[in-house]
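For reference, the structure is listed below as structure tokens.
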Amino acid sequence: MKTISKIGVFTSGGDSPGMNAAIRAATRTALFKGIEVTGIRYGYQGMIDSDFVDLNRTSVSNIIQRGGTILKCARCMDFMKPEGRKIAYDNIAKEGIDGLVAIGGDGTFKGASIFSQEYGIPIAGVPGTIDNDLSGTDETIGYDTALNTALDAIDKIRDTADAHERLFIVEVMGRDAGFIALETGIAGGAELTLMPETMTRTKEIKEALDNILANKKRSTLIVVAEGDESGGAIELSNILKPDYAKYDMRVCVLGHIQRGGNPTARDRVLASRLGAAAVNALYDGHENVMVGVVNNNIKITPLKSGWSKKKSIQQEILDLVRTLK
Ligand code: F6P
């Protein structure tokens, strides 16, 4: 078993609220165990550029409540090439880093899996993405905050939709996964919820809408994930507009507002648990793993399974959406 003396912590891919809480927990847990901590700025790009910063108890003070990430995020093309990874490895080895805590989503973990296999460096992944699309954890860091941000916006849209008796199409994030759409759809009382996991043809959408509009006089809300096969809210409205002109349709794309803001209590606790669990996993000799929380217990799974297995949406929840519309 390799003994870890210095870990490198980085955030990568799209940021998510709670990443700072994870950085703080990983740093403080490592220091508690006598392990030094280096922050790597801009994810994999920072490894290639040797953009390192020492992390200590005080440098991670007063960040648990902040959205974004003090270590910054980047999507790094050079790291996808073997030459880029070689430079990255040489730089972190020179820095004395002998274990990595990778906070991010599927892209981050794909890169980490390859890197760990190529250079034998132990890596523990911490699932941080608002999309909640990683297997091996019930929820990812940032999902709860994004959900509540989207829901707050949807509630407000409902007020004005109700006042004008309008039909609104609201687009939420989720390029490949519909978790945000599904749960904001339920919590916001949407009449129709569209997501990539369920194929809904235009004909079916129109039939459903006709039924809803025939029974309702007031506001009507369609929640659509950006990655839905319809193409998203704008595309969907262009398809529907000719047939529903009298409903004074409006479109709202919530976009990156869902990625910002102070993390909820639930995300702060999840991030604290997972940041600490990642360091504990490395300390205990795990390599190439992801930490998650499943049924309220810490679970360690192979890093690869986090992104290679598609996290499925429960049929019972899908049924609920149809029942409650
Ligand atoms: O992966 C999280 C996510 O917010 C997706 O829901 C969204 O499609 C994507 O990131 C947007 O990425 P970017 O900020 O790079 O445009």
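Both counts, for ligands and for their atoms, begin at 1 and track the order of listing.
Applying the side-chain contact (heavy atoms from CB on, under 4.5 Å) test to S50 and every residue at least two apart in sequence or in another chain returns F52, N91. Scanning for side-chain contact (heavy atoms from CB on, under 4.5 Å) contacts around Q65 gives N62, R268, with sequence neighbours left out.
Within 6.0 Å of NZ on K206 lie more than 12 heavy atoms contributed by other residues, nucleotides or ligands. Within a 6.0 Å radius of NZ in K86, no more than 12 heavy atoms belonging to other residues, nucleotides or ligands are found.
The ring pair (Phe, Tyr, Trp, His ring centres under 6.0 Å) pairs that include a residue from residues 110-161 are F79-F115, Y89-Y119, F115-Y119, where partners are two or more places apart or lie in different chains.
Using a distance-only test at 3.5 Å, with no hydrogens or angles considered, a donor-acceptor pair links the side chain of S135 to the main chain of K309.
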Tabulate distances under 3.5 Å between N/O atoms of ligand 1 and N/O atoms of the protein, writing both atom names on each line.
{"unit_1": "ligand 1", "atom_1": "1 (O)", "unit_2": "D131", "atom_2": "OD2", "d": "3.1"}
{"unit_1": "ligand 1", "atom_1": "4 (O)", "unit_2": "R259", "atom_2": "NH1", "d": "2.9"}
{"unit_1": "ligand 1", "atom_1": "6 (O)", "unit_2": "D131", "atom_2": "OD1", "d": "2.7"}
{"unit_1": "ligand 1", "atom_1": "6 (O)", "unit_2": "D131", "atom_2": "OD2", "d": "3.3"}
{"unit_1": "ligand 1", "atom_1": "6 (O)", "unit_2": "G174", "atom_2": "N", "d": "3.3"}
{"unit_1": "ligand 1", "atom_1": "6 (O)", "unit_2": "E226", "atom_2": "OE2", "d": "3.3"}
{"unit_1": "ligand 1", "atom_1": "8 (O)", "unit_2": "E226", "atom_2": "OE2", "d": "2.5"}
{"unit_1": "ligand 1", "atom_1": "10 (O)", "unit_2": "R259", "atom_2": "NH1", "d": "3.0"}
{"unit_1": "ligand 1", "atom_1": "12 (O)", "unit_2": "R75", "atom_2": "NH2", "d": "3.0"}
{"unit_1": "ligand 1", "atom_1": "12 (O)", "unit_2": "R259", "atom_2": "NH1", "d": "3.4"}
{"unit_1": "ligand 1", "atom_1": "14 (O)", "unit_2": "H256", "atom_2": "NE2", "d": "2.8"}
{"unit_1": "ligand 1", "atom_1": "14 (O)", "unit_2": "R259", "atom_2": "NH1", "d": "3.0"}
{"unit_1": "ligand 1", "atom_1": "14 (O)", "unit_2": "R259", "atom_2": "NH2", "d": "3.0"}
{"unit_1": "ligand 1", "atom_1": "15 (O)", "unit_2": "R75", "atom_2": "NE", "d": "3.1"}
{"unit_1": "ligand 1", "atom_1": "15 (O)", "unit_2": "R75", "atom_2": "NH2", "d": "3.0"}

